[in-house]
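Right, one structure below, let's go through it.
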Protein chains: 2
Amino acid sequence: MIRSIGRICIYRRLLAEMDRRGQRQVYSHELARLAQTTPAQVRRDLMNVSGMGTPSKGYSVPDMLDSLDGYLDAGHCEPIVLVGIGYLGRALLGHFAGRHPKLHITAAFDIDSEKTGGMIHGCPCYHLQQLGEITRDRNIHLGIIAVPANTAQQVAEKMIECGIRAILNFSPERLNLPANIYVEDIDVTVAIERMAFFARQKNTQNKRNMNHAGS
Amino acid sequence: MIRSIGRICIYRRLLAEMDRRGQRQVYSHELARLAQTTPAQVRRDLMNVSGMGTPSKGYSVPDMLDSLDGYLDAGHCEPIVLVGIGYLGRALLGHFAGRHPKLHITAAFDIDSEKTGGMIHGCPCYHLQQLGEITRDRNIHLGIIAVPANTAQQVAEKMIECGIRAILNFSPERLNLPANIYVEDIDVTVAIERMAFFARQKNTQNKRNMNHAGS
DNA sequence: TAGATTGTTAATCGATTAACAATC
DNA sequence: TAGATTGTTAATCGATTAACAATC
């Protein structure tokens, strides 16, 4: 199941775009083409979300979109904290600002007080000391780590103390955390090394390797 | 095999750190603990690279490091081009500048001429028109896409025309490219959506989902 | 030798793919 | 009806895990 979630997120994105264009129905093979998978895979994935397709009509775009929202989203907009206001942190704030209806980076933190106090892309920046205060006030359970490798473990532990239950970790450090904490790693250096490796393997089957719809 | 490469990159990183500290030998269970996998997995992975361990002595750190370098690296330093000098592109340049012995972002490109002409973190910035000129001059086959979704496909096609054979794609767009091109996707929005989903599933087995050592 | 670790083979597990009756 | 698509079951595939003789 863990691998299907990434694909389901992509189906939702595609269906949202179709809905915006006014498309009412879609067949598995069209979704499969756009999401670069097989029609059978699409049917199987969607069936797990909600069995609502009909033969000869395929899937209703608005109905399936509702089902996907119900499956993927919490009932409310979920707040996220970001720790690390370096280049990457700023890039994430810029990339994510106001783009997602149900997920929102609510506050950013750093230990460098030169970086705190202001707003970046509409997101207030605080000193790391204030992390617990903010997370408890606003009931935040999601965190993003965008700090250098040598402080990542320490930051992760502080996050957990402050009530964070899932972490997206951009540092190359392997976080050592309790089993009830969900960790998703994005290691850019490994991604580049892997790309370089497979570029050299001429006769390897080119299986697409997607971070979050894959692994 | 595709999934083991990410782990192998991590073993190398760990062994390089041990070598720096002067550690000469290592057992599978120590590597397994650090890389968060099982000793059997480590032995199996390392065996594929080069069977050089001995019972009661484990693996020689410098020898295994040599084997890993031979397995993962090209003989020379490989140049990479980056297209898209936005927040993310700058973050990648900062993160990667001079950090890797065998991989180097040699040139960055954008269509906005306000962003070109200068240097960022030691990397020269050119107009996208000059892509082919640079890639052919310097024999570059690796590319990173850090542009907005609506231009990603177009940029990828241009890259391929210019001789790029493997692409690391940070845009949420599903690139539609010939099968001989290796594509690795890093979709930050999907990663965050997935983290939010699993944070809500209280009783799910917390299998770590690593971008590049996973999927 | 005794004890721990190795490479290797067999068993397990999970996910993907193929096949097909049921449906519009 | 004929044709295409659906949900569902069975078969396949690949990767992980367990087991174990060989080795130091």
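Values in this document were obtained by computation on a predicted structure and should not be read as measured data. Just the heavy atoms: all of them, side chains too, but no hydrogens, waters or symmetry mates, feed the values below. By convention in this document, chain letters (A, B, ...) are assigned in the order of the sequence lines, proteins followed by strands, and residues within each chain are numbered from 1.
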Would you please confirm or rule out a distance under 4.0 Å between OP1 or OP2 of [N] and any side-chain N or O of [X]?
| X | N | answer |
| --- | --- | --- |
| Arg43(B) | dT9(C) | no |
| Tyr59(B) | dG7(C) | yes |
| Arg44(A) | dG14(C) | no |

Length of the line joining [X]:[atom1] and [N]:[atom2], which is rounded to integer Å:
| X | N | atom1 | atom2 | value |
| --- | --- | --- | --- | --- |
| Ile5(A) | dA15(C) | CD1 | P | 11 Å |
| Asp45(B) | dT6(C) | CG | P | 13 Å |
| Met47(A) | dT16(C) | CE | P | 13 Å |
| Lys57(B) | dA22(D) | NZ | P | 22 Å |
| Asn48(A) | dG14(C) | CG | C1' | 14 Å |
| Leu31(A) | dT5(D) | CG | C1' | 14 Å |
| Arg7(A) | dT17(C) | CZ | C1' | 12 Å |
| Gln41(A) | dA15(C) | CD | C1' | 8 Å |

Practice task
Ignoring hydrogens and angles, tell me if any N or O in the side chain of Asp187(A) forms a donor-acceptor pair with the backbone of Thr189(A) under 3.5 Å.
Solution key: yes
Problem - Opposite nucleotide pairing with dT5(C), Watson-Crick or G-U, both atom distances under 3.5 Å - result: dA22(D)
Fill in the blank from the handout: Mate of dA11(C) across any strand shown (Watson-Crick or G-U wobble, both atom pairs under 3.5 Å) is dT16(D)
Exercise for the section: Verify the neighbour count for atom CD of Gln23(B): are there more than 12 heavy atoms of other residues, nucleotides or ligands below 6.0 Å? Expected result: yes
Handout entry: Nearest-nucleotide pick for Tyr27(B), side chain only, options being dT6(C), dT8(C), dT16(C)
Key = dT6(C)
Practice task
With the side chain of His29(B) defined as its heavy atoms from C-beta on, choose the nearest nucleotide among dT5(C), dT17(D), dT8(D).
Solution key: dT5(C)
Exercise for the section: Give one of base, sugar-phosphate or nothing for Ser28(A), where a contact means two heavy atoms less than 4.0 Å apart. Expected result: sugar-phosphate
Exercise for the section: Kindly assign one of parallel, tilted or perpendicular to the pair His121(B) and Tyr87(A), based on the angle between their ring planes and the thresholds 30° and 60°. Expected result: perpendicular
Exercise for the section: Report the residue (Ser56(B) or Thr37(A)) whose heavy-atom-nearest nucleotide on DNA chain C is the more 5′ of the two. Expected result: Ser56(B)
Practice task
Compare all side-chain heavy atoms of His141(B) with those of Ile164(B) and state whether any distance is below 4.5 angstrom.
Solution key: no
Handout entry: Pair His100(A), Glu193(B): side-chain N/O donor-acceptor within cut-off below 3.5 Å
Key = yes
